[in-house]
Structures are given as C-alpha cells and as structure tokens.
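Only one structure is covered here, and it is reproduced in the block below.
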Amino acid sequence: VDRGADLDTGLTGHGPGLMLTTSGSTGLPKIVPLRPAGVDAFVEWAAGQFGIGPGTVVLNYAPLNFDLCLLDVWTSLARGACVELVDPDLATQGGHLARLVARSHVVQAVPMLFRLVTDAMAGGALAAVRHAVFTGDVMPTELVRAVRSMLPGAQLYNLYGCTETNDSFLHRLDGEDVRRGGPLPIGVPIAGVTAVIVDAAGEVLAGAASGELVVRTPFQCGGYLDPALDQGRFVPAPAGLPDGTYYRTGDLVSRDEDGRVTLLGRADHHVKVRGVRINLQEVEAVIAEHDEIDEVAVVTIPDAVAGVRLHAVARRREGSAINGLQLRQHCAARLVRTAIPGRLEIVEEPLPRTSTGKIDRTAIRNARLDLAS
C-alpha cells in the first residue's frame with residue numbers, strides 16, 4: 001500500500017515505513033502510514049533537537065503504535081541510543097517510573113507520567129534528565145512547577161503535533177512560563193514546518209489571530225490507510241502558500257503579536273449549552289488545576305431542556321477527601337455559570353484510556369448516557 005504516491009508531501013520514498021494509529025479518544029482510531037523518507041526526516045530533527053546518540057538513555061512511556069515512539073524508540077535506535085521501555089503492567093506505579101526516570105536523559109511523556117513520578121518523589125530531585133518533553137495533553141501549572149523542582153538539570157519543553165503530521169510546534173519553557181501559570185504555549189513551528197491559522201471560511205489570518213491550525217511538515221503522511229477518511233483533512237494549499245498537501249488539524253489556536261501560538265482546544269470539543277459556546281478542554285483544564293485532582297474528563301449528556309449538559313468525571317488524588325461541592329466552588333470562581341458542569345462526579349479509580357494512553361471520553365460518555373433526561 002502506498003498512501004503517499006498520489007499526494008505531494010515533498011517527500012521521497014515508496015510504500016509505508018511505519019504504521020501508527022490516531023488516539024481514538026473521540027472515535028475509532030485511524031491508521032496512519034508513514035513513508036521512510038518522512039521517518040528519516042523526523043529522526044534527523046529529533047536527534048539534533050534533543051541530543052540523542054550513543055550513550056543517551058531515552059525513556060519510552062507510550063504504546064508502540066503511538067506517534068511519541070518516533071522519538072522514544074525509532075530515533076533512539078537509529079542513532080545508537082538506549083531505549084528504557086516501561087512495562088505496561090507497571091505504567092501506573094510511580095515508584096517504578098521514578099527509578100526509570102532517574103537513569104534517563106530524555107523523557108517525553110503525557111502529563112500522567114510526570115504526575116505519577118512527582119508524587120512518588122515527594123519533593124526529591126532526579127539529576128540525570130537533560131530534556132523533559134510535555135506532550136499529548138494540557139500540563140497543569142502546579143505540575144509544571146513540581147517537574148521544574150524535581151528535574152533541576154533538565155530543559156523543559158511543550159511539544160505539539162498530530163499523528164498525521166508528527167511534531168509541528170515546540171516551545172522551550174523559561175522561568176516566566178513557570179511563574180506565570182496558565183496554559184503553556186505550543187510555541188513556534190519547528191524547522192521545515194509551514195503553519196497557518198484559518199477562519200471558518202478557510203481564509204488565512206495574519207498577525208495576532210485565533211482560528212483553526214493548518215500545517216504541512218517534512219514528516220507528515222500522505223493520507224490515511226483508508227482514503228475515504230481523507231476528505232476535509234488533507235487539503236490543497238490555502239491561498240498564498242506553496243503548493244502541496246496540508247493537514248487541517250481541527251485544533252483551535254491563538255497567535256500573539258510575537259508569533260507565539262497557544263492551543264485553545266479541539267474544534268469538536270466546543271459545544272453550546274443554553275446557547276453559550278463552551279470549550280470542554282478549558283473546563284477540564286480548570287478542574288485539573290485543583291491540587292487534589294489527578295485527572296478529569298468532561299463530556300456532554302443529552303438534555304431535554306438545554307440540549308446538552310456537562311458531566312465531569314474527576315479522579316481525586318490518593319488520600320484526598322475533596323467532594324463535588326468543593327470542586328463546584330473551585331469551578332465557580334474560575335468559569336462562567338454555563339461552563340460549570342451540571343454534575344461533578346468524583347471517582348477513586350483511574351479513568352478509562354484508549355490503546356494510546358489517552359483518556360477515553362467516548363467510553364466515559366457512553367457509560368453515563370442513562371443519565372440523559
């Protein structure tokens with residue numbers, strides 16, 4: 001199968017070199033075939049950016065079908081580095097993870113790993129890590145600060161990319177990011193990436209602006225394994241850009257006057273509640289900022305009066321006694337009234353996850369549809 005020959009990505013090579021899957025957090029995962037030239041281009045960038053070579057130890061926390069493995073596993077193997085694989089059966093044991101991080105030089109992972117390790121370290125420090133990369137989800141402010149303290153010798157990064165395009169934006173954190181709090185920027189496009197922001201009509205926006213992110217990278221695939229899924233995602237160049245195939249990410253972003261970009265959330269994570277547009281990821285971020293909450297998902301439940309209502313499922317940290325009323329007070333101080341979930345469900349067990357380790361919001365929602373009115 002060659003899902004790149006008919007789409008000009010500017011890459012060479014024939015046939016897929018690697019098969020990945022999308023997260024499937026909001027639907028059935030899609031299969032993403034990468035051509036060898038795209039994988040080679042990624043290895044060249046990642047190895048140079050994070051100093052991966054002989055003698056480097058790189059932690060791998062992601063499943064092998066997830067795009068994070070391009071850096072953790074394939075870049076490491078291609079450049080003679082050592083991969084420290086996490087046993088999936090031990091992937092939630094903070095003490096075990098801390099021991100692996102203690103002997104790693106490069107750690108790229110979703111926030112869950114950093115939460116588990118900082119909890120296990122309880123204020124201790126791990127000196128070996130040189131590069132710590134946050135990706136895959138929003139990093140709460142207090143967790144960024146805890147990681148900064150735990151990894152005193154590490155440079156911290158916020159990394160953004162889609163499985164279809166692989167890494168696109170990188171932001172190198174500084175002291176101001178840690179002090180300021182709030183959402184971390186995803187930064188600026190990495191070398192070789194073309195990125196624009198478009199409005200609802202697909203027109204390119206200049207300067208400081210907000211809209212959907214459209215990208216073209218040296219690492220992207222030419223389309224899904226099933227070409228019927230390409231429609232509306234893999235598109236011709238927007239007006240004024242070099243010819244080629246671009247990817248509509250479905251992610252909403254804002255760009256400041258300095259060209260720095262911040263992720264606002266998924267376009268398909270915006271809903272209307274009683275006529276008011278709500279960003280579900282913004283609501284999740286507010287709840288996750290509470291220092292007694294480990295993870296959270298906000299889903300919509302059909303409602304006969306309002307159309308939909310918000311339902312939050314939050315796992316409290318071990319030993320916490322926080323209840324729904326206290327969490328509602330936390331939300332009320334930070335969100336407009338319509339964005340406060342109608343129900344705040346506190347649970348003890350980890351939230352269900354997809355095969356790539358992301359929270360499975362579809363499963364969470366389906367399990368609660370009997371609450372619809």
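All of these numbers come straight from a predicted model, not from anything done at the bench.
Note that CZ of Arg233 and OH of Tyr247 are 4.5 Å apart. Values are rounded to the nearest 0.5 Å. We find the CG-NE2 distance between Leu335 and His330 to be 8.0 Å, quoted to the nearest 0.5 Å. Separation of atoms CG (Asn60) and CG (Asp72) is listed at 4.5 Å; rounding is to 0.5 Å. Here the straight-line distance linking atom CG of Leu68 with atom CD of Gln108 works out to 4.0 Å at 0.5 Å rounding. Annotation: the span from Lys30 atom NZ to Cys221 atom SG amounts to 11.0 Å, rounded to 0.5 Å. Taken from CG in Leu344 to CG in Leu325, the straight-line distance is 9.5 Å, to the nearest 0.5 Å.
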Working for side-chain contact (heavy atoms from CB on, under 4.5 Å), residues Thr217 and Gln220: CA-CA 6 Å; Thr217 80; Gln220 72 188 47; 3.6 Å; yes

Pair Val188-Val261, side-chain contact (heavy atoms from CB on, under 4.5 Å): steps then yes or no: CA-CA 6 Å; Val188 297; Val261 174; over 6 Å; no

Derivation and outcome, side-chain contact (heavy atoms from CB on, under 4.5 Å), residues Arg309 and Arg343: CA-CA 9 Å; Arg309 67 177 184 272; Arg343 181 169 179 181; 5.9 Å; no

Step-by-step ring pair (Phe, Tyr, Trp, His ring centres under 6.0 Å) determination, Phe234 to Tyr246: CA-CA 6 Å; Phe234 294 91; Tyr246 289 71; over 10 Å; no

Trp74 vs Leu77, side-chain contact (heavy atoms from CB on, under 4.5 Å): CA-CA, chis, key distance, verdict: CA-CA 5 Å; Trp74 305 116; Leu77 295 180; 4.1 Å; yes

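Applying the salt bridge (Lys or Arg N to Asp or Glu O under 4.0 Å) definition to pairs two or more places apart or across chains, those involving residues 278-292 are Glu284-Arg361. For residues 92-110, the pairs satisfying salt bridge (Lys or Arg N to Asp or Glu O under 4.0 Å) are Glu84-Arg103, with sequence neighbours left out. Pairs passing the salt bridge (Lys or Arg N to Asp or Glu O under 4.0 Å) check and including a residue from residues 148-172, sequence neighbours excluded, do not occur. Pairs engaging residues 134-165 under the ring pair (Phe, Tyr, Trp, His ring centres under 6.0 Å) rule: Phe50-Tyr157, Phe114-Phe134, His131-Tyr157 [sequence neighbours left out].
Salt bridge present: Glu176 and Arg179 bring a charged side-chain N and a carboxylate O closer than 4.0 Å. A salt bridge links Arg315 with Asp294: at least one charged nitrogen is closer than 4.0 Å to a carboxylate oxygen. Salt bridge status for Glu295 with Arg316: absent, with no side-chain N to carboxylate O gap under 4.0 Å.
Residue Leu59 is not grouped with residue Leu90 when hydrophobic side chains (ILVMFWY) are merged at heavy-atom distances under 4.5 angstrom, including chains of intermediate members. Val129 and Leu143 end up in the same hydrophobic cluster when Ile, Leu, Val, Met, Phe, Trp and Tyr side chains are linked at under 4.5 Å. Note on Ile346: it clusters hydrophobically with Val298, by side-chain heavy-atom contacts below 4.5 Å among ILVMFWY residues. Follow the hydrophobic side-chain contacts under 4.5 Å out from Ile52 and you never reach Val57; the two are in separate clusters. Note on Val110: it clusters hydrophobically with Leu184, by side-chain heavy-atom contacts below 4.5 Å among ILVMFWY residues.
Closest approach of Ala312 and Ile287 over heavy atoms only: CB-CD1, 3.9 Å. Leu85 and Leu100 make their closest contact through O-CD1, 4.3 Å (heavy atoms, listed as atom of the first residue, atom of the second, distance). Annotation for Val83 and Ser76: closest pair CG2-CB, 3.5 Å, computed over non-hydrogen atoms. Here the closest heavy-atom approach between residue Val58 and residue Leu71 is recorded as CG1-CD2, 4.3 Å. Taking each heavy atom of Pro185 and Asn158 in turn, the nearest pair found is O-ND2, 3.0 Å. Heavy atoms only, all atoms of each residue included: Arg130 and Gly51 are closest at NH2-O, 4.2 Å.
Residues Arg115 and Pro140 meet the side-chain proximity criterion, which asks for heavy atoms closer than 4.5 Å. Looking at heavy atoms from C-beta onward, Arg368 lies in side-chain contact with Val313 at the 4.5 angstrom threshold. Contact annotation: the side chain of Val32 never approaches that of Thr21 to less than 4.5 Å [non-hydrogen atoms, C-beta and beyond]. Contact of the Thr300 side chain with the Leu310 side chain is registered, since non-hydrogen atoms from C-beta on lie closer than 4.5 Å. By the 4.5 Å heavy-atom criterion applied to side chains, Leu20 and Asn166 are counted as neighbours. Two residues are said to be in side-chain contact when any heavy atoms from C-beta on lie closer than 4.5 Å; Ile301 and Val308 fail this criterion. When side chains are defined from C-beta on, Thr262 does not count as touching Val253, because their heavy atoms never get closer than 4.5 Å. Counting only heavy atoms from C-beta outward, the side chains of Leu213 and Val215 approach each other to under 4.5 Å.
Under the 30°/60° scheme for interplanar angles, the aromatic rings of Trp45 and Phe219 are found to be tilted.
Formation of a donor-acceptor pair under 3.5 Å by the Arg365 side chain with backbone atoms of Asp360 is not found in this model. In this structure a side-chain-to-backbone donor-acceptor pair under 3.5 Å is missing from Asp251 to Leu263. When atom types are taken as modelled, the side chain of Thr56 and the backbone of Gly53 share a donor-acceptor pair closer than 3.5 angstrom. At least one donor-acceptor pair under 3.5 Å links the side chain of Asp177 to the backbone N or O of Asp174. With hydrogens and angles disregarded, a donor-acceptor distance shorter than 3.5 Å links the side chain of Ser320 to the backbone of Ile322. Formation of a donor-acceptor pair under 3.5 Å by the Asp67 side chain with backbone atoms of Leu70 is not found in this model.
Considering only residues two or more places apart in sequence or on other chains, His311 meets the ring-ring contact (aromatic ring centres under 6.0 Å, His included) condition with none of them.
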Determine all donor-acceptor pairs shorter than 3.5 Å in which one atom belongs to a side chain in residues 189-211; sequence neighbours excluded.
{"from": "Asp199", "atom 1": "OD1", "to": "Ala201", "atom 2": "N", "distance (Å)": "2.9"}
{"from": "Asp199", "atom 1": "OD1", "to": "Gly202", "atom 2": "N", "distance (Å)": "3.0"}
{"from": "Asp199", "atom 1": "OD1", "to": "Glu203", "atom 2": "N", "distance (Å)": "2.8"}

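Applying the 6.0 Å contact sphere to CD of Glu44 captures no more than 12 heavy atoms from other residues, nucleotides or ligands.
With 3.5 Å as the limit, one finds no donor-acceptor pair spanning the side chains of His96 and Asp87.
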